[in-house]
Amino acid sequence: MYTYIDPKFNLKNTLLCGQCFRWRLHSDTYYGVVESHLLGVRQNNTQLHVTVSPSVSNDQFVRDYFNCAFSSDEILKSFPIDVYVKQAMVASEGIRILKQDLWETIASFIISINKNIPAIITIIENLSMQYGKKIDVGTSLDLKDHYSFPDIATIARTTPSALRESGMGFRAEYLSKTSQMIEDGVIDLSNLKKMGIDEALSVLQTLPGVGPKVANCILLYGCNRYDAFPIDVWMKRILEECYFKGNKVPLKKLGQFAKKYFGPYRGYVQQYLYYWARSQGKKNK
DNA sequence: CTCCAGGTCCAGA
DNA sequence: TCTGGACATGGA
C-alpha cells in the first residue's frame, strides 16, 4: 500500500474522462492494469491509496503513471477563462492527464476508431485476456482474473482474422500492420517528445489506422504532449456550438482555432471540455 | 429494429 | 485539396 498526496487531484474524473480504458469501480476502489500489475486505487480527500499486485519494492512506475511529480497549477492558469471553459473546469475538476504506455496508447486508440467507450473497453479486455499475461493477484482479492495489455511482438505475429475474435472488426488490419511496422523498426518512435508538434503528428500518421485524431491522442496520452489536441465527434460538436455559433467547421480550421485560442496546453483544455460535455449528456438521462 | 460510436482510407471531383 | 461513402461490431 502506497499513499500519495495532491490536493488538486480527482481520481474519479481522472479515470473516467476518456483518456484510459482499463479501470473499473468495485465498491469504493478503482481497479486497473498498469504494465504487468493490477492496481487498486482509492481516494480519501487529498490522499491517494494504492495497492499493487503482485507487490513491488519500487513503486516508481505508479508515480510515473499518475504523473505525481508534476503539478498542474501552471497549466490550469493558462486556460482562457470564458463561460464554457469556466463550466468545464467545475465539471471536470481535478482531471490529470496520465502518462500511459506508448504502445498501449497507440493500440487502444486504433481500436477506438468509430466505437463508443463501453465497446472500446470490452474489446481491449477481450484482447488482453487472449494475448496478455495473467496477473498473479494472490488470494486476497475476490475479483475476476486480470491480464496485462499484450506486447507488440505478440500482436505482430497474430493474424488479423485472429485479432478479430476480440470484436475489433476492420481495425484488426490496422492494428496488425502497425504492430509489425513498430516491431520491424520501420518507424522510429523514440524522438516523438522532442519533435515539433506537426512533425510528430506526421510521423505517427505513417502508421495504418492512425489519422489526425488518433495521432493527437497518442501524443497527448502516451507522450505527455499537452500541445496535442484530439478532435473527435464530441470535440467537433463542442467547438462548433461554443465558438462558431453552431455552424459546421472543417476539422482543419477547428485545429487551427484551438492552437491559437487555447494555447500551448490545449490538450489539457480539451480534456476538461470533453468530459464536461459528456457529463452534461448523462445528466439529462 | 435503428442509430451511432473519442475515424481512417480511398476514390472521384 | 476537399468531400462522400465504405468499413465491422456492438452498446444504447
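Just so it is clear: chains get the letters A, B, ... in the order the sequence lines come, proteins before strands, and each one is counted from 1. Keep in mind that the numbers below use all heavy atoms, side chains included, and drop hydrogens, waters and symmetry copies.
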Rounded to whole angstrom, note down the P distance from B:dG6 over to C:dT3.
->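 Straight-line distance between the two P atoms is 24 Å.
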
Separation of the P atoms in C:dG11 and B:dT8, to the nearest angstrom =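 Straight-line distance between the two P atoms is 23 Å.
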
So do A:Phe66 and A:Phe9 actually touch side chain to side chain, heavy atoms under 4.5 Å?
->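 Yes, their side chains come closer than 4.5 Å.
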
Within the 4.0 Å heavy-atom criterion, would you say [X] contacts the bases, only the backbone, or no part of the nucleic acid?
X: A:Glu173; value: nothing
X: A:Glu165; value: nothing
X: A:Tyr221; value: base
X: A:Cys17; value: base
X: A:Pro230; value: base

Spacing between [X] atom [atom1] and [N] atom [atom2], to the nearest angstrom:
X: A:Gln205; N: B:dC10; atom1: CD; atom2: P; result: 13 Å
X: A:Leu220; N: B:dG6; atom1: CG; atom2: C1'; result: 12 Å
X: A:Tyr174; N: C:dA6; atom1: OH; atom2: P; result: 15 Å
X: A:Ile111; N: B:dT8; atom1: CD1; atom2: P; result: 14 Å
X: A:Ile231; N: B:dA5; atom1: CD1; atom2: C1'; result: 18 Å
X: A:Met235; N: B:dA5; atom1: CE; atom2: C1'; result: 17 Å

A:Arg171 side-chain N/O to A:Met168 backbone N/O, donor-acceptor pair under 3.5 Å |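 At least one qualifying donor-acceptor pair exists.
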
Looking only at side-chain atoms of [X], point me to the closest of [options].
X: A:Lys252; options: B:dG6, C:dC2, B:dG7; answer: C:dC2
X: A:Thr122; options: B:dG7, C:dT9, C:dG11; answer: C:dG11
X: A:Arg171; options: B:dG6, C:dA8, B:dA5; answer: C:dA8
X: A:Phe109; options: C:dT9, B:dT8, B:dG6; answer: B:dG6
X: A:Arg164; options: B:dG7, C:dG11, C:dA8; answer: C:dA8

Aromatic centroids of A:Phe61 and A:His37 separated by under 6.0 Å |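 Centroid distance A:His37-A:Phe61: below 6.0 Å, so yes.
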
